[in-house]
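Down below is the structure, laid out as structure tokens.
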Amino acid sequence: MKASLLLITLVLAGSSTPAQPYAGKMKNEPRLMQLRVVGPPISRNGVPLSNALSEVGRYVDGGYVLFGIELLLDRGKEPTVDLKLQSGATLEEALRHVVQQLPEYRFQVVGPNLVNVFPRKWQTDPRNPLNLKVSRFDVTDVPPANILSRPEEYVPELQARLRQPDSKGYFGRGISSLGPRNITLHLKNVTVRQVLNAVSVASGSKSHATHGPLGWVYRFDPNSGSPDRMHSWDFHFSTPPKWRQEHETSNRNK
């Protein structure tokens, strides 16, 4: 499959930075933000950001949302938010509620069912490994979880960057039995961020009915106390329990 790269200009939460290209065709991005968050009211304080986004996604009705999350840690801890959601809020309202508690963070729709959440300054920071240029990315029949949690094994440029003395990193779990079926992707002239986004989009088109598609998380802890643990990646769950049934029903009703 040859994937084209499209530039998306839908920018949310006050960000002036254009969204990143992704592999695939754009469909109904405004509609994604108008999906409703349903279920019991949620009121919890001090929730790690990635967990809060998982909770939002879990209660989305009529579709699903994946997240590509970039986190600046403080001694191993994520930024936290107070999660207070009422049933019936739109996905956009729910995300604004979460992200606006963190002034440096923004969110953007970057692909079908995919939203990036990130510190604003990271989008163009050349020191951020997610901005690293990748000349080619080719995988054939590979579990998405493995790529999202161990990207250096599939991106030589990233492996070379993290071998530098001031940029060491470690990579998270890669459990091929979790999540969707294997994927095949062939991309050219992209960034590491765009690779991760494309893998997430592809995971949504290849998932089992019993396993949801996968988002991703990148964590950077400059004060980790160990150079080998400054960078980490992992996959991220945020789909409702009945995501497949709801997504297919939604597509039939379009």
Side-chain angles (χ1 to χ4, degrees), residues 12-15 17 19-20 22 44-58 65-83 91 94-111 114-132 144-145 147-152 155 158 161-162 166-174 179 191-200 203 213-239:
L12 299 171
S15 173
T17 306
Q20 297 298 319
Y22 74 101
R44 296 210 306 273
N45 297 329
V47 182
L49 179 56
S50 63
N51 292 355
L53 295 172
S54 290
E55 284 294 301
V56 170
R58 175 177 173 80
V65 61
L66 303 175
F67 295 101
I69 309 168
E70 305 175 35
L71 296 171
L72 176 62
L73 305 188
D74 182 10
R75 293 176 177 83
K77 295 183 178 180
E78 294 184 20
T80 61
V81 296
D82 295 337
L83 189 59
L91 177 58
L95 293 182
R96 287 186 184 278
H97 159 72
V98 171
V99 176
Q100 286 182 347
Q101 297 179 56
L102 304 170
E104 293 303 314
Y105 280 74
R106 300 291 186 269
F107 68 91
Q108 296 174 337
V109 176
V110 293
L114 180 62
V115 175
N116 280 171
V117 179
F118 51 89
R120 178 178 55 83
K121 294 180 180 179
W122 281 14
Q123 288 293 87
T124 56
D125 188 344
R127 297 169 298 179
N128 184 350
L130 296 183
N131 294 325
L132 185 66
I147 303 170
L148 297 176
S149 59
R150 299 200 303 267
E152 99 288 9
V155 181
L158 181 59
R161 165 70 69 85
L162 294 173
D166 59 345
S167 300
K168 294 182 179 179
Y170 84 102
F171 301 85
R173 56 189 174 178
T191 65
V192 172
R193 182 184 293 106
Q194 291 164 8
V195 167
L196 298 176
N197 284 342
V199 171
S200 285
S203 78
L214 299 174
W216 55 270
V217 183
Y218 164 65
R219 297 179 175 91
F220 176 62
D221 187 358
N223 301 311
S224 65
S226 170
D228 293 332
R229 300 188 67 83
M230 290 175 62
H231 307 272
S232 66
W233 281 262
D234 208 344
F235 49 83
H236 183 260
F237 291 108
S238 62
T239 50

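Sequence positions, counted from 1, serve as the residue numbers for this chain.
- The salt bridge (Lys or Arg N to Asp or Glu O under 4.0 Å) check on D82 picks up nothing, with sequence neighbours excluded.
- Between F235 and W216, a ring centre-to-centre spacing not shorter than 6.0 Å is recorded.
- A heavy-atom distance below 4.5 Å is not found between the side chains of W233 and E152.
- For the pair L196/L130, a side-chain contact is recorded, criterion being any heavy-atom separation below 4.5 Å from C-beta on.
- For D125, the side-chain hydrogen bond (donor to acceptor under 3.5 Å, both in side chains) partners two or more places apart in sequence, or in a different chain, are R127.
- Taken to the nearest 0.5 Å, the CG atom of L132 stands 11.0 Å off from the CZ atom of R193.
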If you look only at distance, which donor and acceptor atoms sit under 3.5 Å apart when one is on a side chain in residues 44-53 and the other is two or more places apart or in another chain?
unit_1: N45; atom_1: OD1; unit_2: K84; atom_2: NZ; d: 3.0
unit_1: S50; atom_1: OG; unit_2: E78; atom_2: OE1; d: 3.1
unit_1: S50; atom_1: OG; unit_2: E78; atom_2: OE2; d: 2.8

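- Judged by distance alone, the side chain of Q194 and the main-chain N or O of T191 form a donor-acceptor pair under 3.5 Å.
- Looking only at distances, no side-chain donor or acceptor of N116 sits under 3.5 Å from a matching main-chain atom of Q108.
- V65 and G57 make their closest contact through CG1-CA, 3.9 Å (heavy atoms, listed as atom of the first residue, atom of the second, distance).
- Atoms OG1 and CZ, from T239 and F67 in turn, are 11.0 Å apart once rounded to the nearest 0.5 Å.
- Residues forming a side-chain hydrogen bond (donor to acceptor under 3.5 Å, both in side chains) with H236 (at least two apart in sequence, or on another chain): S54.
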